[in-house]
Number of protein chains: 2
Amino acid sequence: MQSNKRPGGRSARVRDAVRRATLAELGEHGYAGLTVENVAERSGVHKTTVYRRWGNVTGLISDALDLAADEPWPIPDTGSIEGDLRGIVQLVRSGFDDPGLGPVSSAFVAAAMQSPDAARALHAFFAARHEQSAEVVRRAVTRGELPGHVDVHEVIRVAVAPVYYRLFVAHEPVSEQDAARAADAALAAARAGVL
Amino acid sequence: MQSNKRPGGRSARVRDAVRRATLAELGEHGYAGLTVENVAERSGVHKTTVYRRWGNVTGLISDALDLAADEPWPIPDTGSIEGDLRGIVQLVRSGFDDPGLGPVSSAFVAAAMQSPDAARALHAFFAARHEQSAEVVRRAVTRGELPGHVDVHEVIRVAVAPVYYRLFVAHEPVSEQDAARAADAALAAARAGVL
DNA sequence: ACACTAAAGCTACATCAGTTGCGATTGGAG
DNA sequence: CTCCAATCGCAACTGATGTAGCTTTAGTGT
């Protein structure tokens, strides 16, 4: 998305400043309150420059998202698939519950609904997350807790889906019990050989 | 949301015209292309009137959503819980796949992410849908296909969640097989007594 | 039928997101 | 060290979105 004609130097500094400002603004005012002008002012980069390189707010978010995709996240290793799956789903839940991270994460989802670029970025983000998370399922297969033919990614999807569904589609609250139950349901399905 | 000082007459006609125009515009240009001015022009209602009563595009969508919530939808009755659940999930899938309905339904989800009003409207919409869909689970309990203590709403949530997750969060395609598998997974979990 | 008033229409205006053209900097190649 | 191309800063501008004040229309109650 970004040009790499001049990877080091001012361009890189500008990009960093804008990314940082985008995340900060998102954290404070959320997606609805994110404007190009505010990001420009906060970053000390001129408005025109931001428009030229990022185009609009969804461009800003797509870029910040690329950044976030790189950061690995702490996959649990509790020794049992039940504990690991529950841990992952709780991680998802708390990520949106947290007052600092919540608005930022939500903004990613919201932006992806409005811009194909952001959708692609979010798709890549989740592909990475699925890949990392699937490790707990592979370990479970190795331990003999799950049949060898399970679709490791699908187990993750089914486990986390109800949390996202409640948050972003049905707009219902998500308790820790809800999260645990979603993980357990995915596990039961995997054990039954459906996934 | 709307005043009912003068339920019959011009106000009602205006409201109908605007609702109709909103749905038509959504179908043609999607959420991103929905503007108050276009809806005003299409409906023959003056721009200022639309702003006064609906405020902005999310207001328009919230109102259209209230309308959509009333329409009942064709819950399947295949005789088995497996067939019914699969039918419901396919109904969800095809609702977003359809070139006419897809953009409208997606707009509802998108709008609910940006406006508390739309979120409330969508919440009510899904509460109604869950209630109607839960009937297939109750019938299954009556037939003895599922244990009596299942959370009938949760079975529906877990069944449809993966479809929404793929569509609106991970931005992955959703095949008919994916949909069927999601239904089967929910069913397996319910049979295992997890839901 | 008539008066009353809520609500819609209309014009003009204000505001803000996004664009354009040009001159000033900056980083990197030779 | 010098030059050149890429990128940034700046100010002025455009168009779209939303608002204010006032007039007109049309339901509703007597």
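Being a predicted model, the structure only gives us computed values, none of them experimental. Chain naming here is simple, since letters A, B, ... match the order of the sequence lines and numbering starts at 1 in each.
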I'd like to compare against my own output: the B/S/- annotation of nucleotides 18-23 of chain C with a strict under-4.0 Å heavy-atom distance to protein. BBBB--
Spacing of [X] atom [atom1] relative to [N] atom [atom2], expressed in whole Å:
| X | N | atom1 | atom2 | answer |
| --- | --- | --- | --- | --- |
| Leu60(A) | dA17(C) | CG | P | 13 Å |
| Glu41(A) | dC16(C) | CD | P | 13 Å |
| Arg13(A) | dC8(D) | CZ | C1' | 11 Å |
| Trp54(B) | dA8(C) | CH2 | C1' | 11 Å |

Among dC10(D), dA17(C), dT17(D), which nucleotide has an atom closest to any side-chain atom of Thr35(A)? dA17(C)
Out of dG27(D), dC10(D), dT7(D), whichever nucleotide has its closest atom nearest the side chain of Arg53(A): dT7(D)
With sequence neighbours left out, the residues meeting side-chain contact (heavy atoms from CB on, under 4.5 Å) with Thr48(A) are His46(A), Arg52(A)
Within the structure, does a side-chain N or O atom of His46(B) lie under 4.0 Å from either OP1 or OP2 of dA8(C)? no
Can you list everything that forms a ring pair (Phe, Tyr, Trp, His ring centres under 6.0 Å) with [X]? Sequence neighbours excluded, please.
| X | answer |
| --- | --- |
| His130(B) | Tyr165(A) |
| Tyr51(A) | none |
| Phe168(A) | Phe96(A) |
| Phe108(A) | none |

When the C1' atoms of the five terminal pairs at each end define the local axes, what inter-axis angle does the helix from dA1(C)-dT30(D) to dG30(C)-dC1(D) show, to 10 degrees? 30°
Lys/Arg N to Asp/Glu carboxylate O, Glu131(B) vs Arg138(B), below 4.0 Å: yes
Any pair with a residue in residues 88-111 of chain A that passes salt bridge (Lys or Arg N to Asp or Glu O under 4.0 Å), sequence neighbours left out, goes on the list, sorted by first then second residue, please. Arg93(A)-Glu176(A)
Considering only residues two or more places apart or on different chains, which pairs with a residue in residues 149-173 of chain B satisfy salt bridge (Lys or Arg N to Asp or Glu O under 4.0 Å)? Glu154(A)-Arg166(B), Arg157(A)-Glu172(B), Arg166(A)-Glu154(B), Glu172(A)-Arg157(B), Arg181(A)-Asp151(B), Arg181(A)-Glu154(B), Glu154(B)-Arg157(B), Arg166(B)-Asp178(B)
